[in-house]
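As structure tokens, the structure follows; a few thoughts come after it.
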Amino acid sequence: MKEQINAYNNVLELIGNTPLIKLNKVTENLKGNFYAKVEAFNPGHSTKDRIALYIIEEAERQGILTPGDTIIETTSGNTGFSIAMVSIIKGYNCILAVSSKSSKDKIDMLRTMGAKVYVCPAHVSADDERSYYNVAKRLHEETKGSVYINQYFNQLNIDAHYKTTGPEIWEQTKGQITHLVACSGTGGTISGAAKFLKEQNPNIRILGVDAFGSVLKKYHETKEFDNDEIYPYRIEGLGKNLIPTATDFDVIDQFMKVTDEESAHTARELAKTEGLFVGYTSGAAFQAVKQFAQENEFNENSNVVVVFPDHGSRYMSKIFSDDWMNEQGFFDSVNIEETQKIEF
Ligand code: PMP
């Protein structure tokens, strides 16, 4: 009998089981051990592969989706890419309503993956008929045989991370994790992973990362929705101008807000010091780690896992472009010596 060829049946079999990678140089001045859960190792280069596969397979199990149907979603890009990838393999049409804040690279990539893309204005309120939420809703109503993933308000988003990300982190750290640091957009990653981890050990500290210009931190602390917290910012995929039901605020111990500028520099620093070419929110997540460290959150015995949601290649025309950094004024406050150190 011939030997079995050693190959995956399709790209979807590579989703999940991403590596945990120790951070060494960038943590030199911090107390504790720091490990990155590097979600760029998913085949779609982000953590969103997990929810796309999980939600679509759940819809198939329930008989809601059959091949030839259409999947609709709002997305800053990553979820769209993952849904498009899963749709190709499983034989679905894919329609995406995306924010005009998304990089051109991301939009081109979605179209390359066969998705029909509608670009919607970023700086309108969520209830405006032009917002990507309402565009997606309308498309869902108008398209026969369509399913709206609705990741911000879908419990399955949390479940995907409860079933995969959380158990992987617990197993990889052999139960020795003391802190989880994760960005909150839909809240699916932090809520699902945290729920699983707190069930294993309720003492694990769950630290969320939010953006200046977003309502999440204030809502977590006061349970009040404060419109004054909302203003435009540059980081894509982190923070929100509404309260997603896919965020379980009760499992999160504390939020930290980070700036566009410091997050961009920290993402560049991760590439330079650790050889980890990860995205803007990975920079934001590690920037939050630095700020939590300043507040004495960690000690020598801490085992901190920080989730890096996606790959740096998606931000070539943004944070990894010196021209873009200059245009934002992000080099203004950095002295020449420092600039040379982080220059590419
Ligand atoms: N980083 C990036 C780049 C993202 O696209 C997202 C998702 N919006 C997040 C972080 C936040 O993940 P979650 O939606 O699971 O909270």
Side-chain angles (χ1 to χ4, degrees), residues 18 36-40 42 44-52 54-55 73-83 96 98-99 101-103 105-107 109-110 122 132-133 149-166 180-196 206-211 214-217 220 233-249 251-252 255 258 260 263-264 266-267 270 277-288 306-315 318-319:
T18 53
K37 179 78 169 155
V38 186
E39 291 293 291
N42 282 297
H45 298 165
S46 90
T47 189
K48 295 297 182 176
D49 283 2
R50 296 175 184 272
I51 70 161
Y54 186 82
I55 294 174
E73 183 53 328
T74 56
T75 169
S76 66
N78 281 330
T79 308
F81 187 92
S82 300
I83 292 171
L96 304 168
V98 312
S99 155
K101 199 165 76 168
S102 301
S103 66
D105 299 353
K106 280 186 178 177
I107 292 166
M109 207 154 45
L110 298 176
Y132 56 92
Y133 310 107
I149 301 272
N150 204 4
Q151 60 173 332
Y152 287 91
F153 299 97
N154 193 335
Q155 173 66 32
L156 296 174
N157 177 359
I158 297 184
D159 295 352
H161 292 287
Y162 176 79
K163 293 256 170 71
T164 69
T165 318
L180 176 73
V181 181
C183 294
S184 208
T186 66
T189 306
I190 191 165
S191 307
K195 183 166 176 255
F196 181 87
I206 306 298
L207 306 174
V209 185
D210 190 19
S214 154
V215 293
L216 300 178
K217 182 174 193 289
H220 180 246
Y233 56 92
R234 299 176 186 84
I235 311 176
E236 297 163 35
L238 167 62
K240 219 54 228 167
N241 58 355
L242 51 74
I243 305 301
T245 58
T247 308
D248 180 354
F249 286 89
V251 293
I252 301 167
F255 271 102
V258 292
D260 288 339
S263 302
T266 300
L270 286 167
F277 189 43
V278 286
Y280 205 168
T281 54
S282 303
F286 197 73
Q287 177 58 33
V306 49
V307 180
F308 286 171
D310 72 352
H311 195 262
S313 57
R314 296 201 167 149
Y315 307 90
K318 293 204 168 176
I319 56 170

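Ligands are counted one by one from 1 in listed order, and the atoms in each one are counted from 1 as well.
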Does this structure show an ion pair linking Asp260 with Arg234, if we count only N-O contacts that are shorter than 4.0 Å?
yes
Between Arg314 and Glu236, does any NZ, NE, NH1 or NH2 come within less than 4.0 Å of an OD or OE carboxylate oxygen?
no
Within reach of ligand 1, part of Thr189 (heavy-atom separation under 4.0 Å):
both
Whether Phe249 and Phe255 hold their rings parallel, tilted or perpendicular, with breakpoints at 30° and 60°
tilted
Set of residues satisfying salt bridge (charged side-chain N to carboxylate O under 4.0 Å, His left out) with respect to Glu39, sequence neighbours excluded:
Arg50
Would you check the N or O atoms of [X], main chain and side chain alike, for any that come under 3.5 Å of an N or O of ligand 1?
| X | result |
| --- | --- |
| Tyr152 | no |
| Asn78 | yes |
| Pro309 | no |
| Gly185 | yes |

Subset of ligand 1 atoms that lie under 4.0 Å from at least one heavy atom of [X]:
| X | result |
| --- | --- |
| Tyr315 | 3 (C) |
| Cys183 | 16 (O) |
| Gly187 | 13 (P), 14 (O), 16 (O) |
| Gly188 | 15 (O), 16 (O) |
| Ser184 | 16 (O) |
| Thr186 | 13 (P), 14 (O), 15 (O), 16 (O) |

Atom CD1 in Ile55, atom CD in Gln155: separation rounded to 0.5 Å?
10.0 Å
Once rounded to the nearest 0.5 Å, what's the spacing between atom OG of Ser184 and atom CG of Leu238?
8.0 Å
Any Asp310 heavy atom less than 4.0 Å to ligand 1:
yes
Minimum distance, heavy atoms only, to atom 7 (C) of ligand 1: which one of His161, Arg314, Lys48, Lys106 is it?
Lys48
Check: Thr186/Gln151 side-chain N/O donor and acceptor closer than 3.5 Å:
no
On a heavy-atom basis, the closest approach of Ser82 and Asp49 is OG-OD1, 2.6 Å
Side-chain touch Tyr132/Glu73, heavy atoms, less than 4.5 angstrom:
no
